[in-house]
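See structure below.
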There are 2 protein chains.
Amino acid sequence: MKIILVMAQTLDGKIAKTSSHFPDWTSREDKKFFQRVSKEAGVVIMGDKTFATFPSPLKERLNVVFTMQENPKEIQGVKWVKGEPEDVLKELEEMGYESAILGGGAFINGMFLEHKLVDEIMVTIEPKIFGDGLALFKGDFDVNLKLKEIEKINDDSVVLKYEVLK
Amino acid sequence: MKIILVMAQTLDGKIAKTSSHFPDWTSREDKKFFQRVSKEAGVVIMGDKTFATFPSPLKERLNVVFTMQENPKEIQGVKWVKGEPEDVLKELEEMGYESAILGGGAFINGMFLEHKLVDEIMVTIEPKIFGDGLALFKGDFDVNLKLKEIEKINDDSVVLKYEVLK
């Protein structure tokens with residue numbers, strides 16, 4: 001199945017100042033962009049710290065949330081998962097999904113990239129600088145990309161779309 | 001005087017893997033872009049770790065290098081400096097320069113941003129991912145930018161140009 005990483009970051013590559021930093025600094029147009037592409041896929045995969053920054057689960061999409069908790073509380077629209085990402089993707093394929101959005105944070109993104117499971121990356125560059133903070137990927141990589149499209153979504157925000165070369 | 005930060009980074013906001021990492025991964029078009037804008041200004045300001053990654057001083061430009069060394073070795077084309085960035089800029093103005101390029105690394109960039117001395121930022125986004133590494137700025141910021149221009153310099157590399165809102 002096709003995995004598309006969709007994230008917003010500052011110009012200096014930060015997705016948040018800390019792991020509990022709610023993404024209230026992203027543009028309305030970025031939020032709409034995320035809504036559109038994630039509703040098309042129907043699934044958003046994320047870590048539990050990212051999930052905890054949301055006021056509620058993402059609507060009209062399956063929230064697939066990686067967690068280390070033993071007995072996470074059942075929540076409608078949420079599928080708690082653990083273990084190897086390949087096994088999780090196999091299960092999603094069996095459920096009929098053809099693509100999924102990968103939505104952070106840095107650790108989960110890094111895990112999927114490490115396992116060579118990320119096919120496309122769409123990053124919104126917001127007109128901000130945070131300096132120290134969390135980056136798109138935790139881990140050590142040297143991955144090459146192919147630029148597919150540049151989309152200006154408002155006066156100051158740009159979405160860069162890439163294919164991941166494997 | 002006008003300070004323009006000009007740097008290349010990976011999509012995930014990394015300017016290098018480590019402070020001794022030579023920027024051999026940037027595109028030829030980015031190197032040409034840097035040459036053009038830095039020769040226009042005539043001055044490149046940088047830290048001594050960034051300077052140490054170059055095989056030789058940048059030609060036809062004054063290399064203004066911040067260092068903590070007590071008696072740095074005299075090198076043609078290099079002006080060793082220390083102390084407050086405002087004092088260094090005043091000296092450059094007295095020498096007749098009207099603008100200067102700020103060229104890294106993260107610590108020097110952060111110091112100039114902290115002192116509200118950066119007027120414009122031109123970042124080349126190269127089609128790569130490094131994961132862990134050095135980012136554009138060391139320090140804690142919440143700075144807003146205004147997007148001025150998007151310039152595609154080759155099939156996969158994009159220069160984003162911003163004004164820093166102060």
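These values consider heavy atoms only, across backbone and side chains, with no hydrogens, waters or symmetry-generated copies. So you know, we letter chains A, B, ... as the sequences are listed, proteins then strands, and number each from 1.
- Connection of A:Ile129 to A:Met7 is established within a shared hydrophobic cluster, with ILVMFWY side chains joined at heavy-atom distances below 4.5 Å, either directly or through further cluster members.
- Scanning residues 112-125 of chain A against chain B with a 4.5 Å heavy-atom cutoff picks out A:Leu113, A:Ile121, A:Val123, A:Ile125, ordered by number.
- Within a 6.0 Å radius of NZ in A:Lys31, more than 12 heavy atoms belonging to other residues, nucleotides or ligands are found.
- Note: the hydrophobic cluster containing B:Leu5 also contains B:Met1 (ILVMFWY, side chain heavy atoms under 4.5 Å, direct or indirect links).
- Among the residues in residues 48-64 of chain A, none has a non-hydrogen atom closer than 4.5 angstrom to a non-hydrogen atom of chain B.
- For B:Lys73, the NZ atom sits in a loose shell: 12 or fewer heavy atoms of surrounding residues, nucleotides or ligands are nearer than 6.0 Å.
- Within a 6.0 Å sphere centred on CZ of A:Arg36, heavy atoms belonging to other residues, nucleotides or ligands number more than 12.
- For residues 134-159 of chain A, the interface with chain B (any heavy-atom pair closer than 4.5 Å) comprises A:Ala135, A:Leu136, A:Phe137, A:Lys138, A:Gly139, A:Asp140, A:Phe141, A:Asp142, A:Val143, A:Asn144, A:Leu145, A:Lys146, A:Leu147, A:Ile150, A:Lys152, A:Asp155, A:Asp156, A:Val158, sorted by residue number.
- Both A:Val43 and A:Ile3 belong to a single network of hydrophobic side chains, linked directly or stepwise wherever heavy atoms of I, L, V, M, F, W or Y lie under 4.5 Å apart.
- Under the 4.5 Å side-chain heavy-atom criterion for Ile, Leu, Val, Met, Phe, Trp and Tyr, B:Ile45 and B:Met111 are members of the same hydrophobic cluster.
- Of residues 79-108 of chain A, no residue lies under 4.5 Å from chain B by any heavy-atom pair.
- In this structure, A:Gln76 places its CD atom where only 12 or fewer heavy-atom neighbours from other residues, nucleotides or ligands lie under 6.0 Å away.
- Contact count versus chain A (heavy atoms, under 4.5 Å) is highest, among B:Gly131, B:Gly13, B:Pro127, B:Gly133, for B:Pro127.
- Most heavy-atom pairs under 4.5 Å with chain A, from the set B:Asp12, B:Leu160, B:Leu11, B:Thr10: that is B:Leu11.
- Environment of CD in A:Glu74: sparse, with no more than 12 heavy atoms of neighbouring residues, nucleotides or ligands closer than 6.0 Å.
- Looking at A:Tyr162, the atoms closer than 4.5 Å to chain B (heavy atoms on both sides) all sit in the side chain, from C-beta outward.
- Under a hydrophobic-cluster definition in which Ile, Leu, Val, Met, Phe, Trp and Tyr are linked whenever side-chain heavy atoms come within less than 4.5 Å, directly or via other members, A:Phe33 and A:Ile4 are assigned to the same cluster.
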